2 protein chains.
Amino acid sequence: MRAPTGAGRPATGHARKIPASWRGSPWLHQLVLNRYGHFMVRSISSRRPATLASLAAELGVSRTTVSNAYNRPDQLSPELRQRVLEAARRVGYPGPDPVARSLRTRKAGALGLLLTENLSYAFRDPAAVSFLEGLALSCEAAGQGLLLVPANPEREDLAAVHRAGVDGFVVYSVPDDDPHLAAVLERPVPTVVCDQPSLPGVDTVGIDDGSAMTGMADHLIGLGHRRVGVVCMRLGRDRNDAIASLDRQRSAHFHVQRARLVALAAAFEAVGVPWAQVPVVERFDHSVESGASATARILDLDPEITAVVCTSDILALGALEEARRRGLRVPQDLTVTGFDGIAEAERVGLTTVVQPVRDKGAEAGRLLREQPDHGRPRKIVLPTSLRTGSTAAPPRNSQERWFGP
Amino acid sequence: MRAPTGAGRPATGHARKIPASWRGSPWLHQLVLNRYGHFMVRSISSRRPATLASLAAELGVSRTTVSNAYNRPDQLSPELRQRVLEAARRVGYPGPDPVARSLRTRKAGALGLLLTENLSYAFRDPAAVSFLEGLALSCEAAGQGLLLVPANPEREDLAAVHRAGVDGFVVYSVPDDDPHLAAVLERPVPTVVCDQPSLPGVDTVGIDDGSAMTGMADHLIGLGHRRVGVVCMRLGRDRNDAIASLDRQRSAHFHVQRARLVALAAAFEAVGVPWAQVPVVERFDHSVESGASATARILDLDPEITAVVCTSDILALGALEEARRRGLRVPQDLTVTGFDGIAEAERVGLTTVVQPVRDKGAEAGRLLREQPDHGRPRKIVLPTSLRTGSTAAPPRNSQERWFGP
DNA sequence: GTGAAAGCGCTAACAA
DNA sequence: TTGTTAGCGCTTTCAC
């Protein structure tokens, strides 16, 4: 029996009328009387995907019942539930549409992650991957998805941020002038920033970069180093593969780099090293090669330098490579230090600052999940530690002597 | 002027009536006459979040116009658009709700990624991370999000799969009996499987594991190895840190491992090695330690073994570690081979099969994006190559001689 | 260039 | 336990 496909509503107003858009569509329907005497629409062709409503019509039950079969098994008899689920399988109903459910419940079931501009660098940076691991695990434990939001710097694709159906955002290590960050903050969902930038009104998780780097500086100063060079990551969104001026250091848009440099400067100035004369070489790409080339630059500039301080382990690995290339023994001829504490750094015995990267991810997820009703922004500061490896020692011709350990 | 908060519709039917649910809510509204003489609702408190409709009411324009201001700038005058955008900022309207838009447009703007059961292993496996990188880059280029779908093996949390608002799924390297895979295939969106399992009706991207491993086997056979041991990843969802029986090898639920083992067996059987006597040690955890312990097991079982074939680089790194621990020189005393071609393997000169992991991710994304109107399932097979490093050489007391290259 | 109408597919408060 | 009602917030023909 074919249904009249024209418009108009059935004899009773209780059943949904046939949507006008179905007219002329390839999907066929028939009007059936349910057990309450209401007309309902039943699909007699499987071409139009089944919906909760069509399944309900098919079965002659209400939409609530079908919904309950999926979402509140305790709200209906096991037999009825079984009947519903079976019918669903028969007509190929894949269960409630997640998007419609999200709209209704106002929950997306996922967190968004805004990563540093260049995705590839993020995935090639073991520290970033560990952060991702921590966050992903935390999401998994909570049964939430994790949406990687593309933040292509070239296309300034804010649409991706606007389009993301998420219950909250984690922003990982972006410059303070990143337009994607601004777009995220405009969204009416909670946000946690990890590492950078430091924003007054926003929940934050990170470490105390300044004091961690002070610790490293003190260690080097204690060893007797006074003539040092620094390799750092990019300080702004522009590519500047060169010496970073004092001004550029102090106004860096990447707050983490800024804090580390400022701490270094303060510590060395305190023992009489004029920071303006210390070569601080910036590299846009965060890679081993960058670390090597920056180190080369430093050593070319001043071969008397006794220690190369790097603001990341990846860069430090490059420094080690360059030292090897030049036949400089580490640590006898040159001291090299890193920052992060990635696995590979430990393997080669790098002296570095170890930070709990994975925990940062977990904390970020937790913060987003535990929304206090009100209150001040939460600032989580995780502990770091100095790992003294085998890449730092007193300088060769140091006038200071080292009597340790 | 306070609006009557009771129900009922305004004098004209053109404006939306006030939703009953607003009654008694903390949000206040007033009825205003727009320039067409229609009553519209205006929010006079910013507590209830603005919507496209409320903004339209505020401005006295239709919802279409506001929608167009965001989605089709060419459909209205620049001045009007500007007015709309300004008003939006004033009332704190964050732009069209992404979920509602998704429901309407039937596009989620994201792909879902179902990863191997244990998330941590995925993030600690450089091959998996590279895959992720390739996929993420491909999504970024297309302006799509990438949703990591939690697939906790313990909680069998299929809800996460059901809840994922995505336009398609990528399934990366799961066993053929994974319930999450089944749940994904039930969803009415396209799916691409990467690596495993091999499913007849589903789009696929991978490599020819069999012939790649055959190449490796032939290489070892050519070097003169006949007494070999194998370290492989888990063959099923159950933990079995032990020798894998022939039967277990042949019926492995992880098709990639199965294909590699079957190829090895065939190649060695072909030169008279009885495969049943070759120790194949399985490890559930995919880690360097696993590779080491499995290698230890093999060498304890048969110290005369001349080559340890590993089905992944990570495991091979462990094998190298164990050899070092035992004072065995590689390759003089022991040959070790891997599979994947990760960066660290190259660094240590591992002889291995190199596969284009990043390309796999990119291909998976592309396949999902380019949906043919119809046709056979697409099977993409990417090329591999044998990288002869410094960890494979003829066996010490080989009766076969090696005259090459 | 602008507006009205229709409905995407679902859930939840309430009523029966 | 089941059904009815009322939207969630948006886009999109199609008419004006």
Side-chain angles (χ1 to χ4, degrees), chain A residues 7 12-23 34-38 40 48-56 59-81 84 93-107 163 165 188, chain B residues 7 12-23 34-38 40 48-56 59-81 84 93-107 163 165 188:
Chain A
T12 159
H14 291 274
R16 279 199 149 181
K17 73 174 176 181
I18 301 179
S21 62
W22 290 19
R23 242 175 304 162
N34 74 7
R35 56 168 151 147
Y36 300 97
H38 300 152
M40 313 224 83
R48 173 177 253 264
T51 68
L52 186 142
S54 77
L55 184 58
L59 280 163
V61 302
S62 85
R63 314 221 282 307
T64 310
T65 301
V66 178
S67 177
N68 283 340
Y70 285 95
N71 302 320
R72 298 150 128 86
D74 52 312
Q75 295 292 297
L76 72 177
S77 63
E79 303 78 52
L80 179 53
R81 179 171 136 91
V84 171
Y93 175 64
D97 179 288
V99 175
R101 164 188 278 151
S102 282
L103 176 59
R104 187 59 242 237
T105 60
R106 311 266 63 201
K107 295 240 146 299
R163 222 180 283 283
Chain B
T12 156
H14 291 277
R16 277 195 152 185
K17 72 174 175 183
I18 301 177
S21 63
W22 291 20
R23 244 175 302 162
N34 74 6
R35 56 167 152 145
Y36 300 97
H38 299 153
M40 315 226 82
R48 174 176 253 266
T51 68
L52 186 143
S54 77
L55 184 58
L59 280 164
V61 301
S62 83
R63 313 217 285 308
T64 311
T65 301
V66 178
S67 176
N68 282 339
Y70 286 95
N71 303 320
R72 298 153 130 84
D74 52 314
Q75 294 293 300
L76 74 177
S77 64
E79 304 79 48
L80 180 54
R81 180 172 137 90
V84 171
Y93 175 64
D97 178 287
V99 175
R101 165 188 277 151
S102 283
L103 176 60
R104 188 57 240 236
T105 60
R106 311 268 59 200
K107 295 237 147 300
R163 224 180 282 282

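First the proteins, then the strands, lettered A, B, ... as listed; each starts at 1. Values in this document were obtained by computation on a predicted structure and should not be read as measured data.
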* Rounded off to whole Å, could you give me the CG-to-C1' distance for the Asp97(A) and dC8(D) pair? => 13 Å

* Asked: Roughly how many Å is it from CG in Leu103(B) to P in dG9(D), rounded to a whole number?
  -> 12 Å

* To do: Please examine the side chains of Arg106(A) and Asp97(B), heavy atoms only from C-beta on, and report whether any two atoms are closer than 4.5 Å.
  => yes

* Within less than 4.0 Å of OP1 or OP2 of dG3(D), is there a side-chain N or O belonging to Thr65(A)? -> yes

Which atom pairs link the protein and nucleotides 12-16 of chain C when you take only N or O atoms and keep those under 3.5 Å?
{"residue": "dA12(C)", "atom": "OP2", "partner": "Arg72(A)", "partner atom": "NH1", "Å": "2.9"}
{"residue": "dA12(C)", "atom": "N6", "partner": "Thr64(A)", "partner atom": "OG1", "Å": "3.2"}

* State, to 0.1 Å, how close Tyr93(B) and Thr51(B) come at their nearest heavy-atom pair, and which atoms those are. => CE1-C, 3.4 Å

* To do: Whole angstrom is fine here: how far is it from CG in Leu59(A) over to C1' in dT2(D)?
  => 14 Å

* Spacing between Glu79(B) atom CD and dT2(C) atom C1', to the nearest angstrom -> 15 Å

* Structure fact -> Nearest heavy-atom contact between Val99(A) and Leu103(B) is CG1-N, 3.3 Å

* Is there a donor-acceptor pair under 3.5 Å between the side chain of Ser54(A) and the backbone N or O of Ala50(A)? -> no

* Which distance, rounded to the nearest 0.5 Å, do you find between the CG of Leu80(A) and the CG of Leu59(A)? -> 8.0 Å

* Asked: Looking at Arg106(B), does any N or O in its side chain come under 4.0 Å of the phosphate oxygens OP1/OP2 on dC8(C)?
  -> no

* **Side-chain donor/acceptor of Arg163(A) to backbone N/O of Pro98(B), under 3.5 Å** => no

* Asked: Given dG9(D), is OP1 or OP2 found less than 4.0 Å from the side-chain N or O atoms of Thr51(B)?
  -> no

* Asked: Does the side chain of Pro188(A) reach to within under 4.5 Å of the side chain of Pro49(B), using non-hydrogen atoms?
  -> no

* Asked: Quick one: bend of the helix from dG1(C)-dC16(D) to dA16(C)-dT1(D) from 5 pairs per end, to 10°?
  -> 30°

* Asked: Hey, is the side chain of Tyr93(B) poking within less than 4.0 Å of OP1 or OP2 on dC10(D), counting only N and O atoms?
  -> yes

* Measure from CG on Leu52(B) to P on dC8(D) and round the result to the nearest Å. => 13 Å

* Ignoring hydrogens and geometry, is there a side-chain-to-backbone donor-acceptor pair from Ser67(A) to Arg63(A) under 3.5 Å? -> no

* Structure fact -> Closest heavy-atom pair, Ser102(B) versus Lys107(B), reported as atoms and distance to 0.1 Å, is OG-O, 2.9 Å

* To do: Find which nucleotide of DNA chain C each of Asp74(B) and Ala100(B) is nearest to by heavy atoms, and output the residue with the more 5' nucleotide.
  => Asp74(B)

* Of all the nucleotides listed (dT2(C), dT11(D), dG3(C)), which has the minimum atom distance to the side chain of Ser77(B)? -> dT2(C)

* Asked: Taking atom P of dC10(D) as reference, at what distance in whole Å does atom CZ of Arg101(B) sit?
  -> 9 Å

